[in-house]
Amino acid sequence: MMIERSGLIVWVNDTKAARNLERFGSLHYISKKMNYAVLYIHASRLDETMRNLQKLPYVKKVERSYRNEIKTEYSSDVPDKTRFYTL
């Protein structure tokens, strides 16, 4: 049984303080250079968690990640040209 998760991009002022984001969900990545963190949470608690994150003093901005909405199945409508170049 898979739990529906949503990703959040949390822009922070301090990356050390970003470690505290683990209490909201699964902390996947923290970028020290660009000062953001990737956090995965339950989809049912998305709005509530976003509001709580905005209230934290070290958080600049919270954005939704649209990674799960990107199409990952590709189809090739163009014919393969390599088979015409046989010797």
Side-chain angles (χ1 to χ4, degrees):
M1 181 172 163
M2 296 283 293
I3 298 173
E4 188 68 29
R5 298 190 313 164
S6 293
L8 291 177
I9 310 299
V10 183
W11 297 92
V12 295
N13 294 325
D14 184 21
T15 55
K16 283 189 177 183
R19 293 184 200 144
N20 293 329
L21 295 174
E22 287 184 338
R23 61 186 169 151
F24 292 99
S26 175
L27 187 60
H28 181 69
Y29 179 73
I30 297 176
S31 171
K32 294 179 181 176
K33 184 177 180 182
M34 295 183 62
N35 293 334
Y36 74 91
V38 178
L39 181 70
Y40 286 100
I41 58 169
H42 293 285
S44 61
R45 292 187 267 162
L46 179 68
D47 295 330
E48 175 189 346
T49 306
M50 285 181 73
R51 275 187 261 119
N52 290 338
L53 287 172
Q54 286 287 3
K55 294 177 185 177
L56 297 174
Y58 54 88
V59 173
K60 289 187 214 175
K61 181 171 62 168
V62 179
E63 298 177 353
R64 270 189 70 217
S65 173
Y66 294 102
R67 184 172 185 195
N68 57 349
E69 297 174 11
I70 294 174
K71 180 181 169 187
T72 57
E73 298 172 3
Y74 305 105
S75 64
S76 177
D77 294 336
V78 180
D80 187 16
K81 294 182 181 180
T82 58
R83 65 183 176 155
F84 295 115
Y85 298 116
T86 59
L87 296 175

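What you see is a predicted model; the values in this text were computed from it and never measured. Numbers here are sequence positions counted from 1.
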Tell me, please, which residues at least two apart from R64 pass side-chain hydrogen bond (donor to acceptor under 3.5 Å, both in side chains). E69
Derivation of the side chain to side chain contact (heavy atoms under 4.5 Å, CB included) call for V38 and I9: CA-CA 5 Å; V38 178; I9 310 299; 4.0 Å; yes
Quick one: name the residues clustered hydrophobically with Y66, using the 4.5 Å side-chain heavy-atom rule over I, L, V, M, F, W, Y, and just say none if it's on its own. none
Quick one: which residue pairs count as a side-chain hydrogen bond (donor to acceptor under 3.5 Å, both in side chains) with a foot in residues 11-38, not counting sequence neighbours? none
Side-chain donor/acceptor pairs under 3.5 Å, residues 40-61, sequence neighbours excluded:
| residue | atom | partner | partner atom | Å |
| --- | --- | --- | --- | --- |
| H42 | NE2 | R45 | NH2 | 3.2 |
| T49 | OG1 | R45 | O | 2.6 |
| N52 | ND2 | E48 | O | 3.4 |
| K61 | NZ | E63 | OE2 | 3.1 |

Gap separating the CG atom of L39 from the CD1 atom of I30, nearest 0.5 angstrom: 9.5 Å
Return the minimal non-hydrogen interatomic distance between L21 and A37, and the atom names on each side. CD1-CB, 3.9 Å
